[in-house]
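The structure presented is a predicted model; accordingly, all values stated were derived computationally and were not measured.
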Amino acid sequence: MQPFVAVILVGVPLAWLVGFAAYAYVDAPKYGMNPRKWALIAFVVPLFGFLAYVFERDELDYDPEEDPYAGGDDGRTGGFAVHESRQGEKRLGPAGTEADGGDDEDDEWNDPDGVDL
């Protein structure tokens with residue numbers, strides 16, 4: 001095997017692994033993570049170890065104030081909240097027809113069936 005081919009086949013991937021490990025080692029303390037552990041994972045598990053570090057790091061900086069799906073300050077949860085401009089409208093059933101409503105037809109929040117917010 002010629003030396004140039006050996007450098008390309010072995011040296012370039014090894015340089016990438018060292019670069020991933022070095023980045024994880026330098027960046028991990030900023031997020032309160034163990035730098036040795038994540039550098040070792042990024043080096044030993046090619047590419048997936050580094051991606052695991054990046055995704056784990058992103059999970060640590062969650063701010064509920066920036067989450068549009070977090071519960072609001074008025075006691076409603078984000079998944080069931082109805083915008084103020086849509087309050088009082090009748091619920092729609094399948095294919096855009098009006099739902100039969102039953103006993104909650106006049107419910108101003110248009111709660112899903114079985115949920116009373």
Side-chain angles (χ1 to χ4, degrees):
M1 182 180 290
Q2 296 186 7
F4 183 70
V5 175
V7 167
I8 291 175
L9 292 178
V10 176
V12 172
L14 188 62
W16 277 101
L17 289 176
V18 170
F20 289 154
Y23 180 80
Y25 186 81
V26 171
D27 193 53
K30 295 177 189 174
Y31 296 94
M33 300 169 73
N34 186 347
R36 290 183 181 147
K37 175 180 113 175
W38 285 105
L40 182 66
I41 291 172
F43 183 78
V44 173
V45 183
L47 190 59
F48 292 109
F50 180 71
L51 292 176
Y53 164 72
V54 170
F55 290 130
E56 183 71 22
R57 178 189 71 177
D58 288 342
E59 289 291 322
L60 295 178
D61 63 351
Y62 170 74
D63 184 15
E65 296 294 326
E66 296 177 2
D67 188 0
Y69 301 107
D73 58 355
D74 58 354
R76 297 179 295 164
T77 59
F80 296 112
V82 175
H83 192 269
E84 287 80 13
S85 67
R86 305 300 293 208
Q87 292 177 8
E89 293 183 4
K90 293 187 177 192
R91 292 187 314 144
L92 293 179
T97 60
E98 288 188 11
D100 54 356
D103 59 349
D104 64 343
E105 188 172 297
D106 61 343
D107 187 8
E108 69 176 285
W109 291 101
N110 299 331
D111 297 337
D113 293 334
V115 176
D116 189 23
L117 297 176

Quiz prompt | In one Ile/Leu/Val/Met/Phe/Trp/Tyr side-chain cluster, 4.5 Å: Val54, Phe43 | solution = no
Quiz prompt | Cluster check Leu14, Val7: I/L/V/M/F/W/Y, side chain < 4.5 angstrom | solution = no
Quiz item: Val26, Phe20: one ILVMFWY side-chain cluster at the under-4.5 Å cut-off?
Solution: no
Self-check item: Pro46 to Leu17 - nearest heavy-atom pair and separation
Solution: CA-CD2, 3.8 Å
Quiz item: So how far is it from Arg57 CZ to Trp38 CH2, rounded to the nearest 0.5 Å?
Solution: 11.0 Å
Exercise. Please round to the nearest 0.5 Å and tell me the distance separating atom CD of Gln2 and atom CG of Leu9.
Key: 11.5 Å
Practice problem: Let me know which of Tyr23, Phe55, Trp16 forms a side-chain contact (heavy atoms from CB on, under 4.5 Å) with Phe50. | Solution: Tyr23
Self-check item: Single-linkage hydrophobic cluster, 4.5 Å side-chain cutoff, Val12 and Leu47 together
Solution: yes
Quiz prompt | Beyond-backbone contact of Tyr53 with Met33, side-chain heavy atoms, under 4.5 angstrom | solution = yes
Exercise. Output all residues satisfying side-chain contact (heavy atoms from CB on, under 4.5 Å) with Pro35, sequence neighbours left out; order by chain, then residue number.
Key: Tyr25, Ala28, Pro29
